[in-house]
Amino acid sequence: MVTVKARIARSSGETALLPLAIPDLAEVEGFAKHLHALGRAWKGEIFGWPAEYTPERRKKPAGSKMPFTPADFRIGESGIWFYSMMWEKGLNGDGNRLMIGDMFFDIHH
């Protein structure tokens, strides 16, 4: 886990610097893969962040060439820190990862 400082605006116009814990990505990915292996929907909080896993669905996504809706996992808060995995190659494929943080994008293939 990494701790960073986040500047938060107060209603008074002043700002406060608060510590923000970013989980180790290997642990996040391990948890996502565990949920994927179980294959059941899950929503809750892990590593101090809201998270959700949705299993693969047979239904073809609207406007997509994909024959199914891939499983996906999301953790974090948009605009602060966010990490997701999507299993576009099916149940046994590797998950594609996307991480969005403060002023950076880190995409792994």
Side-chain angles (χ1 to χ4, degrees):
M1 184 158 316
V2 175
T3 303
V4 297
K5 300 285 183 176
R7 189 170 305 278
I8 307 296
R10 295 176 153 178
S11 59
S12 66
E14 297 176 3
T15 60
L17 219 52
L18 300 175
L20 187 67
I22 306 296
D24 179 88
L25 294 183
E27 290 183 54
V28 171
E29 192 168 311
F31 182 70
K33 288 179 177 180
H34 170 74
L35 292 174
H36 185 63
L38 294 175
R40 292 190 307 262
W42 178 86
K43 186 175 185 176
E45 185 177 297
I46 187 77
F47 308 113
W49 294 91
E52 184 173 359
Y53 172 79
T54 304
E56 181 178 301
R57 295 166 307 283
R58 296 269 179 232
K59 183 179 178 183
K60 179 180 176 178
S64 174
K65 294 181 181 180
M66 294 189 76
F68 61 92
T69 302
D72 66 277
F73 172 81
R74 297 174 298 286
I75 183 172
E77 289 285 347
S78 182
I80 299 172
W81 177 82
F82 183 81
Y83 182 86
S84 72
M85 291 183 73
M86 183 176 284
W87 285 264
E88 294 176 337
K89 295 179 182 174
L91 292 174
N92 297 319
D94 289 334
N96 298 327
R97 298 167 227 28
L98 169 67
M99 184 171 74
I100 302 173
D102 185 20
M103 306 298 278
F104 69 89
F105 293 84
D106 184 13
I107 300 174
H108 305 271
H109 293 284

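Since the structure is predicted, the reported quantities are computational estimates derived from the model, not experimental observations.
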Counting heavy atoms not belonging to E14, are there more than 12 under 6.0 Å from its CD? no

Sub-3.5 Å donor-acceptor pair from the side chain of W49 to the main-chain atoms of A21, do we have one? yes

Check the hydrophobic clustering (I, L, V, M, F, W, Y; side-chain heavy atoms under 4.5 Å; chains of links allowed) and say if Y53 and L38 are grouped together. no

What pair of heavy atoms forms the shortest contact from A9 to T15, and how long is it? CA-CG2, 4.2 Å

Taking all non-hydrogen atoms of both residues, which atom of M85 and which atom of K33 are closest, and how far apart? CE-CE, 4.3 Å

Find the distance between OG1 (T69) and CE (M86) and round it off to the nearest 0.5 Å. 9.0 Å

Hey, any chance L17 and L20 share a hydrophobic cluster, counting ILVMFWY side chains that come within less than 4.5 Å of each other, even indirectly? no

Rounded to the nearest 0.5 Å, what's the gap from OG1 on T54 to NE2 on H36? Could you check? 12.0 Å

Between P55 and G39, which heavy-atom pair has the shortest distance, and what is it? CB-O, 3.6 Å

Heavy-atom nearest pair, M66 first then E88, reads CE-O, 3.3 Å

Mind listing the closest non-hydrogen atom pair of W87 and A32 along with its distance? CH2-O, 3.9 Å

Start with the C-alpha gap between F31 and F73, add the side-chain angles, then the distance that decides, and say whether side chain to side chain contact (heavy atoms under 4.5 Å, CB included) holds. CA-CA 10 Å; F31 182 70; F73 172 81; 4.0 Å; yes

Applying the 4.5 Å side-chain criterion to the ILVMFWY set and letting contacts propagate, would V28 and M1 be lumped into a single cluster? no

Write down the atom of F68, the atom of R57, and the distance for their closest heavy-atom approach. CB-O, 3.4 Å

The test is side chain to side chain contact (heavy atoms under 4.5 Å, CB included); show your working for F47 and I22 and say whether it passes. CA-CA 8 Å; F47 308 113; I22 306 296; over 6 Å; no

What distance do L35 atom CG and E52 atom CD have between them, rounded to the nearest 0.5 Å? 11.0 Å

